[in-house]
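Have a look at the structure below before the remarks.
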Amino acid sequence: MPDATEAVPCAIPEVELTIDGQTVRAPAGATIWEAAKAAGIDVPVLCHDPRYRPVGVCRMCVVDVGGRVLAASCVRPVEAGMKVTANSPALDRHRTMLTALLVSEQPDTPAQARPSGNLLRGLAERYGVAREPGSGDAARGPLGLPCGAGRPADASSPVIGVDHQSCILCDRCVRACDEVQHNDVITRSGKGYKTTIAFDLNLPMGSSSCVSCGECMDACPTDALVNKTLAAPIRPPQELRQVETLCPYCGVGCSITAHVDDERNKVAWIDGRDSRVSDRRLCVKGRYGFDYATHAQRLTTPLIRRDAAYPKGPLSSALRQEKGRRPGGLVDYAEILPHFREASWDEALDLVAARLRGIRDAHGPAALAGFGSAKCSNEEAYLFQKLIRVGFRTNNVDHCTRLCHASSVAALMETIGSGAVSTTFRDIENSDVAVLTGTNTTANHPVAATFFKQAAARGTKLIVIDPHRPDIADHAYRYIRIRPGSDVAFYNGVMHEIIRRGLVDHRFIADRTSGYEALCALVERYPPAVAAQIAGVTEEEVVDVACTFGEAKAALIFWGMGISQHVHGTDNARCLIDLVLITGQVGRPGTGLHPLRGQNNVQGASDAGLIPMVFPDYQSVQAPELRARFEAAWGAELDPKPGLTVVEIMAAALRHEVRGMYVMGENPFVSDPNSNKVRKALATLDFLVVQDIFATETAEFADVILPSSSFFEKLGTYTNTDRRVQIGRPVLKMPGEARQDWEITCEIARRMGVAGFDFPSVEAVFLEFCGLTKSYAGLTYEHLGREGKLWPCPDPERSDGTVVLFDHDFPSGRGKIVAAEFAPPDELPDAEFPIILTTGRLLEHWHTGTMTRRSVALGTIEPEPYALMHPEDLERLGLADRQWVAVTSRRGSITLRVRASDAPGRGAIFIPFCWREAAANVLTSDHLDPYGKIPEFKYCAVRVEAAPDESATSAAE
Ligand code: SF4
């Protein structure tokens, strides 16, 4: 099968030249510096980095060409017969002089422990150049940074210090920002000696549009841009230990190197590392959001509720964030401790096993349920669902995939028989058109977004379709703001026009699909005029999307939760799949379907069977032959009925049908819809055990809390949005008596008397999982190495795995085209609740904020709750930017500040769901999509008014 990430042999002609007397062959068009590097000849650089466009401004890399001219080797192309001197006494004198001039302008500051090193200091050492004391400007600015005349230091960013006096104007930061991250924030300002780098229109960095990805800081060859988050006092870099692992946050799964201070058990800093996933790129969470793991609020000892009669869950005052009190509104360990007592592991685990077994035996297996987590590893997810199925004897096991892409998976399984992406996100480089719909990629998948922006810069037409205008629309060929909840009508209109214009792929339809005629009959009723009217767009916009997509040679669709989190989420996804099937845009490089996965391991947790209706590898619990296979493997009789989903489990708890729960690493009180209902359900349980790293809002309802391992403390595999299975490696020691999650699950199983949980290592768990999961078959930790493998990987010894799936057929055989009729959202605005609420994530805070709000850098950048509303709506309601407002739905009310923004569009308000003290899910509806059982987080009706009280609150009843 084609593999778009494998190197393709090229037929570029080579030229022969000599460098320092050595005969060298290099591809035509290569630079002298590239040819020298490939031949192992060292030519020093300062402004150059192979990841950026060469500019040749610093002249450090000049070489002698033919004895006639000194040329900057980073920009001068090779020529046949060229005679180059790259190293000579004369060139050394030139480089020494250049270095001395640059060093003389440097301030008297001690060397910073720079993640990427200080190239200029390195050259000074190499050429024996010492700076004359007092020759630079040693005046001190804020934070001890030096400030030169007319070039003051800028300490406004919470994470990056700017020292213009150390800047040598090499433009590496400018190119890193423009060409790698494609944020276009940094430029130059001023003239002569006063020339500086500048942010936007010469704003302080902290007030500019900088997204704090740190790429510029990583690129800087001096101490002009420095990492302010380094934990002081920092040990010298050579005393730190380097661990190659992964970012713990989103589904992109970026590759990182953690630099670890073992003596203090702290991560000193994080770098991006080279890989097929992220190419050294990181976002603000990946680079700066690691310190949560060593936060003082980590749980360190098992806790047992002191007084069973004490009301469970947070008191209303605990959900209140008064001004000036406990930034972040986080639950402090000390605050819950009066309600719990510390216990030994034996006592806590025995109690958990006895209570869960007691409920199962007294009330039947269906009285138990478990929530696993998409933040946990494949091994942990596999063991967790095995315990629920074998030990609890029920399929009542689910996780937050139910809340993000359950409807996408339902549609994909129904139509093509596979719930995973058909190609990787970096395959966009082979697309001439890419649709991004219902996805705020720059916030939710920031590093993937850098590749999308890069593709757009190279000519791929991005079509961005979303009621909430995402920042990536700035890079789009076309942005279309459809009315919230009108996706089906819009895409039916697009397909109507594609069919009418004959832009369908008749051969693909005939050979590989079914259901085309029924689709034609249905979309006949959605001519562009009708679709445009329902979707609130112009006819021309519908027609243009149809023509651009229909005429594309290779087109790809990315979608996010703006598509899936609706009561018609499955219909929305069906339309996207139909669009691809009728145009034959799947199975080739640059084509296909990519639902961008949210959490770092939501793909893997689903693959591992953390889903109530399927065993690992999406094998139905209802199919007798599949069930028999798992019964044989696990040595237990298994429940043939699909279990309850996340929201259904809460409803059953409220009816006291589910009485006992095991929650590992999830925080349903904040993440699930209609929090007041969730609060009652959790408080109604006879027994709740929560296994987590912090005392989450959900843990406040627990009878037993088990302290577990953070991402940075464990070994395990994680599967990113591309299907890439990667190893996360332990970086830190666990605090106190905290234990590994996989071991805790096995302990509970053993104490419940369940066989099959005696594993000698976490890799042994992986091997059992792979043995039952066709798509992971044959993988081992050794194969996964430092970059992981894409599944399926038929030849793990030699291949990286399969990039493009479905080149000949679908797992279901023919692709089933399923026509969908438009229907409105569940709860439309009315006179009492006239505004549409949509919820989502922020760049800086992940999910329910349990980790990111405990990161100093991330908490400093975004410390308090806020909502976004269109400026015209604010004016109409008599509200001002940053004013406190009360937002009320039929289910509850919250107060928080509102910011003016045209992202949500008129008539809508956007609230991130990460704030416990202004919890958006107090407002949301728990009505479900009938197929995916996903709630409508993207649409409910609210009213917005000035708040009398200036504090963030939630859960008012
Ligand atoms: Fe981490 Fe995702 Fe950011 Fe990559 S894009 S650094 S995986 S949060």
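One-based numbering along the sequence shown. First listed ligand is number 1; within each ligand, the first listed atom is number 1.
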> Ignoring water, what protein N, O or S atoms are under 2.8 Å from atom 2 (Fe) of ligand 1?
Replying inline: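 Hits for atom 2 (Fe) of ligand 1 below 2.8 Å: C250 SG.
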Give me the atom names and distance for the closest heavy-atom approach of E179 to Q454.
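Looks like O-OE1, 4.0 Å.
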Can you confirm whether [X] sits close enough to [Y] that some side-chain heavy atom of one is under 4.5 Å from a side-chain heavy atom of the other?
{"X": "E844", "Y": "T852", "answer": "no"}
{"X": "M205", "Y": "C216", "answer": "yes"}
{"X": "V162", "Y": "L225", "answer": "yes"}

Worksheet item: Would T450 and E215 satisfy side chain to side chain contact (heavy atoms under 4.5 Å, CB included), going step by step from the backbone distance to the final call?
Response: CA-CA 12 Å; T450 66; E215 192 78 43; over 6 Å; no
### Task
Using the six-membered ring wherever Trp is involved, compare the ring planes of H405 and W559 and label them parallel, tilted or perpendicular (cut-offs 30° and 60°).
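Answer is perpendicular, since the angle exceeds 60°.
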